[in-house]
Amino acid sequence: AITTLKPRQIITGKLGSSIVQMGVFFSAITPCLAFTYLLRGIDLPTIALLLAYLFFWSLGLSMIGIFLATLTRRRFAHVFLSVAFVGGLLWLFVTAIFGVSFPIIQASYSYIGSPGFWLAVLIAATFYITFFALAYFAAAGMITFSSENRSTPLRICMLVQAAAIVGWMAYAWIESNYIMAPVTMLAMIGLVYWYVMGAMLTAEKPGMSQRVKRRLPQSMLGRMFFSWLNPGPASGYMFIVANATAMAIICFIGTLISDTAPKAVRLGPNTDEMLYLLILGWAYLGAYLGIGLLVIRLLRKVAVCTTLACGLIHFLLLLGGFGIPYAIKSMSMTLRDVDYTFLQITDPIFSLYHVANGGGFLDTQKLLLIIPAAALCVLLANMPGVIRALRVVREAAPKRVLEDEL
């Protein structure tokens with residue numbers, strides 16, 4: 001509250017202290033690994049790779065720990081997060097040993113000449129950097145003042161990460177002779193990714209401070225394309241809907257190209273089924289995030305909703321849409337053995353699975369009528385908040401503020 005350090009400098013300082021501690025441990029570990037080379041048990045490239053892997057693995061986990069520390073200021077929540085994080089670290093420790101270290105040691109230096117290994121390293125580095133940047137800006141935003149713009153850097157990181165996902169899936173799609181599996185995988189990853197990101201963005205506090213308004217885009221073109229990067233739950237909801245729509249269009253174009261490619265192997269849903277899945281996935285995403293935003297907006301009129309509480313609301317809505325119909329179906333003697341009933345229309349998992357496995361034509365048509373209609377109604381219910389967010393224009397800075405900045 002009183003330091004002249006910026007939030008990003010504080011986060012960078014925490015990371016710097018972690019790097020110093022890692023340097024102390026590395027000074028003890030490296031001579032031991034070098035001694036194993038003298039015993040002819042391991043080669044130098046493997047030692048260097050393991051040290052680099054250990055460094056970046058530890059640095060990423062340190063960033064996650066710093067991010068978890070900024071989520072809440074309540075003592076009992078810190079205790080819960082700390083215990084959960086320690087449990088996760090123990091599991092990752094075992095995974096790092098048996099899942100990565102042993103295979104690398106057993107393969108020795110032969111992996112260096114493998115193109116697949118370096119491709120996997122490049123893919124892992126891409127997502128490591130994007131997730132690291134996302135956690136870094138999120139942690140810095142959580143400890144900054146509420147009058148600052150916390151959201152725009154996060155949304156830019158999301159755009160870059162989504163572009164990386166599309167790029168690598170496109171590479172896998174081209175290398176596999178345009179089969180449908182990468183397109184289907186992209187649609188599934190996009191649905192999960194944008195739902196998780198949407199749960200974060202719709203949890204933001206409404207309204208913008210005067211400091212943020214002074215930095216809004218001024219031109220009509222800038223407001224048209226960059227207003228979705230402005231902070232606020234309503235603009236965040238439309239940001240997610242726009243990105244999900246773009247990813248659905250990309251997946252559908254990939255499906256059409258796979259159908260017309262002469263060497264393509266048909267593995268997965270056909271064009272019509274893929275179109276149905278994309279429409280239903282988009283509708284479920286927009287409906288659940290929109291309903292969650294409406295519930296959060298109502299609760300904020302009578303109580304304080306933190307970021308964790310808003311995320312919990314989204315999770316409970318999705319859990320209710322899945323669990324309640326499943327519980328009723330399991331308790332019913334007549335519906336227990338039925339593969340799919342319209343009681344499960346609120347369940348996106350079973351509904352999409354039913355359509356993907358060639359569900360009945362009438363069932364698919366009813367789902368295509370009900371779910372998108374409900375999503376459009378939810379979208380229209382959120383439009384007043386979106387319009388209010390778009391009508392916010394740039395404000396000129398007062399003379400005293402300009403003098404202070406100078």
Side-chain angles (χ1 to χ4, degrees), residues 5 7-71 78-140 143 157 160-161 164-165 167-168 171-172 175:
L5 290 173
R8 295 179 187 177
Q9 292 175 325
I10 297 175
I11 300 300
T12 304
K14 294 288 184 181
L15 281 175
S17 65
S18 300
I19 293 173
V20 169
Q21 294 182 51
M22 283 189 282
V24 174
F25 286 111
F26 268 76
S27 64
I29 293 172
T30 307
C32 298
L33 292 179
F35 184 72
T36 60
Y37 169 72
L38 297 177
L39 298 176
R40 300 303 179 190
I42 191 172
D43 53 89
L44 288 178
T46 303
I47 292 176
L49 181 66
L50 286 176
L51 289 175
Y53 163 75
L54 179 62
F55 173 80
F56 288 108
W57 186 265
S58 303
L59 184 64
L61 292 175
S62 299
M63 187 66 253
I64 294 175
I66 294 172
F67 169 70
L68 292 177
T70 63
L71 289 180
H78 277 168
V79 173
F80 173 77
L81 290 175
S82 298
V83 172
F85 188 49
V86 169
L89 289 177
L90 293 175
W91 178 75
L92 290 174
F93 173 69
V94 177
T95 304
I97 293 178
F98 295 100
V100 180
S101 299
F102 281 179
I104 291 177
I105 293 174
Q106 291 172 354
S108 187
Y109 61 87
S110 60
Y111 55 83
I112 295 179
S114 173
F117 172 78
W118 294 109
L119 180 63
V121 169
L122 187 59
I123 294 174
T126 302
F127 291 105
Y128 179 90
I129 292 172
T130 52
F131 272 112
F132 190 93
L134 192 64
Y136 177 85
F137 287 111
I143 64 173
C157 290
V160 174
Q161 193 168 51
I165 293 173
W168 282 117
Y171 175 81
E175 289 294 317

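These values consider heavy atoms only, across backbone and side chains, with no hydrogens, waters or symmetry-generated copies. The first residue in the sequence is number 1, and the count goes up from there.
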Q. Who are the side-chain contact (heavy atoms from CB on, under 4.5 Å) partners of F55, not counting sequence neighbours?
A.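 side-chain contact (heavy atoms from CB on, under 4.5 Å) list for F55, sorted by chain: I19, M22, F26, L59.
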Q) Sequence neighbours excluded, which residues qualify as side-chain contact (heavy atoms from CB on, under 4.5 Å) partners of L39? A)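 For L39 the side-chain contact (heavy atoms from CB on, under 4.5 Å) partners, ignoring immediate neighbours, are F35.
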Within a strict 4.5 Å, meaning less than it, do heavy atoms of the [X] and [Y] side chains meet?
X    : Y    : answer
Y136 : I66  : no
I165 : T130 : no
L54  : F25  : no

Roughly how far, to the nearest 0.5 Å, is the [atom2] atom of [Y] from the [atom1] atom of [X]?
X   : Y    : atom1 : atom2 : value
T70 : K14  : OG1   : NZ    : 11.5 Å
L44 : L49  : CG    : CG    : 12.5 Å
L50 : I105 : CG    : CD1   : 5.5 Å
L51 : I29  : CG    : CD1   : 7.5 Å
M63 : L134 : CE    : CG    : 10.0 Å

Identify all side-chain donor-acceptor contacts of residues 81-104 below 3.5 Å with residues at least two apart in sequence or on another chain.
residue : atom : partner : partner atom : Å
S82     : OG   : H78     : O            : 2.7
T95     : OG1  : W91     : O            : 2.9
S101    : OG   : A96     : O            : 3.0

Q. Any idea which heavy atoms bring P7 and A140 closest together, and the distance?
A.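 Taking every non-hydrogen atom into account, CB-O, 3.5 Å.
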Can you list, pair by pair, the side-chain donor-acceptor contacts under 3.5 Å of residues 122-129, counting residues two or more places apart and other chains?
residue : atom : partner : partner atom : Å
T126    : OG1  : L122    : O            : 2.8
T126    : OG1  : W168    : NE1          : 3.4
Y128    : OH   : F56     : O            : 2.6
Y128    : OH   : G60     : N            : 3.2

Q) Can you name the ring pair (Phe, Tyr, Trp, His ring centres under 6.0 Å) partners of W57, sequence neighbours left out? A)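 Partners of W57 under the ring pair (Phe, Tyr, Trp, His ring centres under 6.0 Å) test: Y53.
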Q.
Tell me every residue that passes ring pair (Phe, Tyr, Trp, His ring centres under 6.0 Å) with F117, counting only those two or more places apart in sequence or in another chain.
A.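 If we apply the ring pair (Phe, Tyr, Trp, His ring centres under 6.0 Å) test to F117, skipping adjacent residues, the hits are Y111.
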